*Asks:* 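What follows is a structure written as structure tokens; I'll ask about it next.
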2 protein chains.
Amino acid sequence: MDELTPRQEEVLDFVLEKLERSGYPPSVREICEALGMSSTRGAQRHLEALERKGFISRAPGARAIQVRGGFREAAAYLPLVGEVPAGPLRYASEEVEEWLPVPGRWGGRGRFLLRVRGDSMVGDGIRDGDLVVVDPRPDAEDGEVVVALVDGEATVKRLRRRGKAVELVASNPAYPTLRVERGDAEVRLAGKVVALLRERV
Amino acid sequence: MDELTPRQEEVLDFVLEKLERSGYPPSVREICEALGMSSTRGAQRHLEALERKGFISRAPGARAIQVRGGFREAAAYLPLVGEVPAGPLRYASEEVEEWLPVPGRWGGRGRFLLRVRGDSMVGDGIRDGDLVVVDPRPDAEDGEVVVALVDGEATVKRLRRRGKAVELVASNPAYPTLRVERGDAEVRLAGKVVALLRERV
DNA sequence: CATTATAGTATACATGCGTTTACCTGTAAA
DNA sequence: TTTACAGGTAAACGCATGTATACTATAATG
């Protein structure tokens with residue numbers, strides 16, 4: 001991509017700012033007004049330059065400006081279905097608190113978000129208030145971080161296989177390890193933790 | 001917010017899909033075509049209902065549809081501009097590796113993503129490979145996690161004010177603390193770390 | 001039963017908006 | 001000096017677009 005002149009950069013900045021503020025791009029005349037121009041031709045020339053240099057693409061129609069910020073991965077939307085520990089999980093879509101956009105590759109069949117409460121997994125960098133992306137699956141490998149349902153209550157722990165038994169291990173030594181014998185109907189896996197979002201650092 | 005009728009939900013879904021695909025909202029007639037309607041009045045009624053129920057807001061002008069957050073928050077796109085520690089940061093848009101979608105409220109003027117390398121901040125739950133959202137600002141408060149430029153190299157540390165001096169503290173005790181006297185031209189802040197993404201847990 | 005909300009079709013209208021043509025100015029390169 | 005280009009003003013054109021009026025049909029509600 002070519003370099004932009006200062007004035008062209010002002011135009012691109014205004015388009016981005018308008019997009020962020022309003023959710024839709026500006027009209028040519030709004031660009032004129034914002035940059036203090038009295039004729040539409042000037043703004044149009046800038047848009048033509050921005051398109052020629054590959055920063056935007058345009059379609060016929062009003063405000064049909066598409067900003068091409070390099071490679072833009074499509075967003076996936078995941079539902080925030082509850083907190084852990086705390087149960088049960090609410091899958092029913094009417095009860096979902098919120099749908100949040102995440103990078104497209106985090107999406108996948110049945111994946112969902114849980115807000116983690118407590119500090120039992122701080123040793124693995126999972127802190128109070130973090131959102132974890134859960135990939136639903138009935139089983140998991142030794143050493144993976146999972147969401148388990150113990151007596152109907154969801155909890156995040158690291159899974160450890162010990163022969164016929166499995167253990168649910170907290171990464172904070174202040175918390176006890178739960179040992180589960182095979183065939184224990186009171187414990188099952190909700191899924192594996194595959195990614196994480198933190199809103200306040 | 002009131003509930004939507006199935007048809008109104010179709011309209012909202014199409015608006016969101018068009019926004020995601022094109023970067024700008026559809027016109028009334030594009031909505032008609034997408035839903036197989038021959039008159040604009042129908043789509044208009046749906047938009048009026050969506051506005052009345054609080055799912056969108058509208059402004060005078062073409063395609064001036066703004067989808068309101070909460071239900072399905074719009075995505076913000078942030079550029080991944082490099083790694084820390086490693087410098088300098090590449091702001092020039094033509095060198096940006098990637099643009100990633102994040103929850104809309106994480107967006108904001110000039111915010112960007114950095115991939116964290118090393119384990120100097122594991123005490124704060126920031127691990128090797130994590131992506132941090134940086135809000136650019138020239139200064140920060142005591143105790144905030146910041147991105148600092150030391151001799152041209154970017155680094156993530158916790159800021160501590162000590163009278164006239166500031167300290168850049170790692171949260172892993174194995175790493176040294178850097179003490180900076182006021183007016184030291186070799187150190188400046190790139191911004192504050194406000195959120196975090198982890199792709200592999 | 002009357003009323004209200006949803007969901008359409010058909011038609012018309014004013015104008016916002018993108019586009020175009022013509023002309024002017026300054027600056028930098030050939 | 002000429003040429004080219006960025007950046008701009010002024011005025012006009014025509015269609016896309018949002019909006020409005022009128023009419024119809026269906027279902028739920030009281």
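Bear in mind the structure is a predicted one, so any value in this text is a computation, not a measurement. In what follows, every chain begins at residue 1, and chains take the letters A, B, ... in the order their sequences are listed.
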*Asks:* Angle, rounded to 10°, between the helical axes spanning five pairs at each terminus of the helix from C:dC1-D:dG30 to C:dA30-D:dT1?
*Replies:* 30°
*Asks:* Within less than 4.0 Å of OP1 or OP2 of D:dG7, is there a side-chain N or O belonging to A:Gln8?
*Replies:* yes
*Asks:* Determine the contact category for A:Arg29: base if any of its heavy atoms lies under 4.0 Å from a base atom, sugar-phosphate if only primed atoms, P, OP1 or OP2 are that close, otherwise nothing.
*Replies:* base
*Asks:* Please confirm whether the shortest side-chain N or O distance from A:Arg63 to OP1 or OP2 of D:dT17 is below 4.0 Å.
*Replies:* no
*Asks:* Please name all residues satisfying salt bridge (Lys or Arg N to Asp or Glu O under 4.0 Å) with A:Arg127, sequence neighbours left out, ordered by chain then number.
*Replies:* none
*Asks:* May I ask you to verify whether the side chain of B:Thr40 and the base of D:dT19 hold a donor-acceptor pair under 3.5 Å?
*Replies:* yes
*Asks:* Looking at B:Glu48 and B:Arg41, is any side-chain nitrogen of the basic one under 4.0 Å from a carboxylate oxygen of the acidic one?
*Replies:* yes
*Asks:* Check whether any side-chain nitrogen or oxygen of B:Arg52 sits under 4.0 Å from OP1 or OP2 of C:dT6, and answer yes or no.
*Replies:* yes
*Asks:* Phosphate oxygens OP1/OP2 of C:dA7: is one of them under 4.0 Å from a side-chain N or O of B:Thr5?
*Replies:* yes
*Asks:* Could you check whether B:Arg117 pairs with B:Glu83 (Lys NZ or Arg NE/NH1/NH2 to Asp/Glu carboxylate O, under 4.0 Å)?
*Replies:* yes
*Asks:* Does OP1 or OP2 of C:dT11 have a side-chain N or O of B:Arg41 closer than 4.0 Å?
*Replies:* no
*Asks:* D:dT21, OP1 or OP2 - any side-chain N/O from B:Arg45 closer than 4.0 Å?
*Replies:* no
*Asks:* Write down the distance between CD (B:Gln44) and C1' (D:dA22), rounded to a whole number of angstrom.
*Replies:* 14 Å
*Asks:* Please tell me if B:Ser39 has a side-chain N or O lying less than 4.0 Å from either OP1 or OP2 of C:dG8.
*Replies:* no
*Asks:* Would you say B:Leu78 and B:Arg111 make side-chain contact, with heavy atoms under 4.5 Å?
*Replies:* yes
*Asks:* Is any side-chain N or O of A:His46 closer than 4.0 Å to OP1 or OP2 of D:dA6?
*Replies:* no
